[in-house]
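Here's the structure we're looking at; comments come further down.
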Amino acid sequence: MNKSAQKLDVTPLVDESYCAAATQAIRCEATRLLTEGTVAAVIGYQAGRRKGTAMPTIVSSPEKAAELIFSSACVNNLALYLTKAKKEVRGKGRLAIVAKGCDMRALAGLIAESQVKRDELVIIGVACAGVYASGADRAAPLTNATIARKCRECVVHLPEGADLLAGSLPQQPMLTPLESQELARLEALTPAGRWAFWKEHFSRCVRCMACRQVCPFCYCEQCLCDRNRPQALESTPRPAGNMAWHIVRAMHLAGRCAGCAECERVCPMDIPLNLLNRKMAKELKELYGYEAGLQPQEKGPLAEYKDTDDQSFIK
Amino acid sequence: MPKTITEHNLRLLIDSLLKDRFRVVGPRLAGAMALYEPLAKGEELVLDQLPRRSAKEVFFPVCENILSFERTEAGLQVTDVDLSAMSETVLVGVRPCDAAAVPVLDEVFSWDYKDEFFLERRRKTTIIGMACTKSDDACFCSAVGLSPGETKGSDLFLTPLLGGGYGCQVLTDKGQQLLARYPKLFVDTVDARLAPLAGGTGDRLDLKRIKAWLDDNFESPLWNDIAERCAGCGACAFLCPACHCFDINDEGTTELGHRRKHWDACGFGKFTNHASGHNPRDLQNKRYRNRIMHKFKYYDDKFGQTLCTGCGRCIRHCPVGIDIAAILREIESRSQ
Amino acid sequence: MHHSKKHAFEPKIVAFVCTWCTYAGADLAGTSRLQYPANVRVLKFPCTGRIDPVFILRAFQKGADGVLVSGCHPGDCHYMAGNLHARRRFAAFRTLIEFVGVDLDRLEFSWVSAAEGGKWVEVVTELTNRILTMGPLEEFKALEAEECWSGKLDTPELQEAYNNI
Ligand code: SF4
Ligand code: SF4
Ligand code: SF4
Ligand code: SF4
Ligand code: SF4
């Protein structure tokens with residue numbers, strides 16, 4: 001990210017055997033589930049054509065299970081494929097899914113929002129040491145220089161509540177929390193300074209909606225931001241509409257966002273969307289002691305209330 | 001003797017153009033990426049990065065007003081855009097895959113309907129292309145019949161020289177005029193040996209055979225296999241130099257507002273949604289199929305060209321790793 | 001033409017209120033002939049729970065210099081808990097827009113009951129005076145007028161660049 005900040009350590013964070021073990025465990029389980037007919041399909045990752053890349057795959061026969069892999073290139077949050085935005089996948093029947101820790105948080109959220117039934121799902125958790133940052137050099141191994149920002153401060157390397165755990169976690173060095181540092185830097189700015197920061201970023205947004213399309217929680221069949229009669233906010237990619245879109249996006253994800261940072265990863269315009277998510281998560285934790293996706297809870301913080309809630313800001 | 005220009009003079013050329021009131025657009029840093037943006041001085045030109053977005057927005061903006069309306073006492077006043085106010089532009093440092101897409105776009109914007117917004121910008125722009133000496137594993141220009149040294153679409157084309165600087169190739173009158181306007185910046189050189197161009201940009205694909213397969217396989221299980229994972233965003237279409245779909249929206253109030261034309265993408269679920277609620281492309285694989293069909297069949301049927309220059313942007317930035325080059329190889333292998 | 005800016009500035013303030021308490025409170029202020037600034041435009045909703053944060057955003061976008069959201073005191077909601085849900089939502093929304101760079105002094109929340117005509121006057125007067133000293137909200141207006149570079153015909157930035165050469 002910022003080359004000037006420090007000389008980043010380039011010692012690999014994971015070795016071949018770590019990925020191989022996780023891959024092996026996933027293949028075994030997938031083969032078993034598909035052979036026994038426990039599930040109709042397994043949602044996992046397969047290698048991409050280009051070196052150091054992987055992509056989501058939906059495997060429905062035991063023979064194909066050998067294509068499944070796990071590596072630091074398995075960046076996607078596959079929970080996306082369980083939402084009603086992906087009817088064609090849901091329609092297949094019972095599903096198994098490969099989930100890293102942050103993906104698991106999204107699954108917990110979807111279960112709490114009654115989008116997915118836990119007992120209709122087999123969750124193959126993976127011990128996750130981290131994944132590549134978007135734009136990282138995929139010819140290089142996973143290092144301090146190539147790891148995603150979210151993974152530097154991950155608290156869910158071992159997914160909780162999965163049906164089994166694939167792989168085991170290698171030794172984890174302490175990494176500088178670049179994202180928290182950036183968040184603190186922004187918080188310390190004046191409102192005008194923050195406005196300038198976001199304005200520059202949002203003005204580049206082309207409204208490709210990749211951030212929305214990959215988010216497991218953006219499953220609304222009619223997004224408010226697509227409406228034009230009446231138009232709730234401008235749908236054209238201009239600075240005004242973009243600002244509104246990003247405020248609405250962050251608001252609609254507040255208290256639900258699992259922190260998988262998929263929205264930020266896929267943004268072709270490099271907009272640091274996870275800073276907004278992090279900020280909201282942090283405030284909601286402070287206000288209501290709530291953290292999304294850590295325990296399956298009935299309701300999110302903005303879907304309930306307490307008589308004792310803070311109202312110091314209300315006259 | 002061939003004309004050449006040093007890097008220093010290339011930057012001076014940009015300054016001179018600005019002084020002469022041209023708008024100069026070229027790769028410029030925007031955070032860690034480069035984008036084609038108006039340059040404020042020659043120094044800003046970035047030479048070693050493929051811009052994240054293509055150069056199409058010079059002619060086909062992300063979003064533009066096409067008319068304004070206001071209700072006054074005299075009734076509803078509609079104001080057209082004054083196209084003559086569009087700036088004379090020089091587009092510099094354009095990659096071959098971006099420049100080659102411009103003549104492809106010309107076809108669709110001047111076909112049954114003449115899109116004056118596109119055409120006026122096109123008339124007023126001179127394109128200085130630049131050969132690539134670097135590529136990555138997403139680039140596949142050679143596979144679709146172009147190359148890192150392709151001059152299609154450029155008015156003037158620069159090829160890096162072994163000893164530094166660029167060899168200049170004049171391809172059109174516009175290019176000639178530009179060269180003639182600043183004769184001092186372009187010099188004759190004895191040592192005009194060209195630097196080696198980027199390699200590994202893909203073995204030639206048989207686009208005819210691919211098209212033949214597409215002609216017969218509107219319904220094929222392949223579509224679901226490759227595109228079930230598609231997230232349905234606009235990243236591929238918006239970054240693509242050849243995609244050109246747009247939507248038109250009226251924004252403002254009934255009293256005062258603008259009609260705006262802006263990028264749209266066939267990957268979006270709402271793209272083909274009818275007012276009735278019926279959606280002929282109801283599943284994502286049908287939307288992705290359209291992307292391939294439009295690029296390698298429909299456009300070919302209509303205009304005899306394909307809508308892909310192998311820039312690799314959609315491959316690099318697809319959120320779910322869909323790789324159009326790999327898909328084309330797969331189709332080619334099926335089309336025996 | 002050239003009055004002092006301060007004098008010429010008439011803040012536009014939008015008040016989103018619930019029909020059961022605050023609207024009735026404002027009505028009471030009116031029937032009691034209490035004076036308060038005429039800058040507020042009142043929009044009536046069934047409940048504060050129906051006031052989507054996007055309305056507030058929209059008001060700022062469309063030219064409001066200040067926004068007030070007001071409803072029933074906790075315990076008085078006509079629909080039991082609409083205001084309590086709203087309380088959390090607005091707490092979150094405040095943080096969000098502050099993080100994006102909006103000055104929170106432009107956004108006020110209050111509980112005003114049907115009997116509190118005086119409180120309504122107080123809240124509205126104070127907000128109006130505050131906005132008066134702050135001046136117009138320029139950020140959203142400036143944004144509204146901006147185009148992405150490729151959508152511009154010719155640009156002031158460009159002219160400036162020319163002149164600096
Ligand atoms: S945030 Fe944690 S669980 Fe998620 S990819 Fe990074 S290291 Fe893995
Ligand atoms: S992914 Fe980025 S460019 Fe696309 S809509 Fe989201 S923020 Fe905008
Ligand atoms: S908002 Fe972003 S980080 Fe949060 S769940 Fe959605 S994609 Fe993940
Ligand atoms: S289809 Fe993909 S590779 Fe081809 S020109 Fe468009 S963005 Fe580039
Ligand atoms: S192919 Fe990739 S970039 Fe294109 S719409 Fe599908 S997910 Fe988005």
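Just so you know, these numbers come straight off a predicted model, no measurement behind them. Lettering of chains follows the sequences in order, A, B, ..., and the numbering in each one begins at 1.
Annotation: side-chain contact (heavy atoms from CB on, under 4.5 Å) contacts of Arg41(C) (sequence neighbours excluded): Lys12(C). For Cys21(C), the disulfide bond (SG atoms under 2.5 Å apart) partners at least two apart in sequence or on another chain are Cys72(C).
Within the 4.5 angstrom heavy-atom criterion, only backbone atoms of Ala303(A) (N, CA, C, O) approach chain C. With a threshold of 4.5 angstrom between heavy atoms, Ala142(C) does not approach chain A through any atom at all. For Pro301(A), the parts sitting under 4.5 Å from any heavy atom of chain C are the backbone and the side chain alike. For a residue to count as touching a neighbouring chain, one of its non-hydrogen atoms must lie under 4.5 Å from one of that chain's; by this rule Ile97(C) touches chain A with the side chain only. Proximity to chain C involves both the backbone and the side chain of Leu233(A), based on heavy atoms less than 4.5 angstrom apart. Of the atoms belonging to Phe60(C), not a single heavy atom falls under 4.5 Å from chain A. If you measure heavy-atom distances from Val100(C) to chain A, the contacts under 4.5 Å come from both the backbone and the side chain. For a residue to count as touching a neighbouring chain, one of its non-hydrogen atoms must lie under 4.5 Å from one of that chain's; by this rule Lys62(C) touches chain A with the side chain only. Residue contact with chain A, scored on non-hydrogen atoms closer than 4.5 Å, involves the backbone and the side chain of Glu147(C) alike. Contacts between Leu96(C) and chain A at a heavy-atom distance below 4.5 Å involve backbone atoms as well as side-chain atoms. The contact between Phe90(C) and chain A is made by backbone and side chain atoms together, counting heavy-atom distances below 4.5 Å.
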Glu126(C) and Asn129(C): CA distance, side-chain angles, deciding distance, side-chain contact (heavy atoms from CB on, under 4.5 Å) verdict: CA-CA 5 Å; Glu126(C) 198 190 310; Asn129(C) 289 338; 6.0 Å; no
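Note on residues 14-38 of chain C: no pairs pass salt bridge (charged side-chain N to carboxylate O under 4.0 Å, His left out), not counting sequence neighbours.
Along residues 250-258 of chain A, the residues that come nearer than 4.5 angstrom to chain C, judged on non-hydrogen atoms, are Ala250(A), Met251(A) in order of number.
Taking Arg87(C), Glu122(C), Glu139(C), Glu146(C) one by one and counting their heavy-atom pairs under 4.5 Å with chain A, the maximum is reached by Arg87(C).
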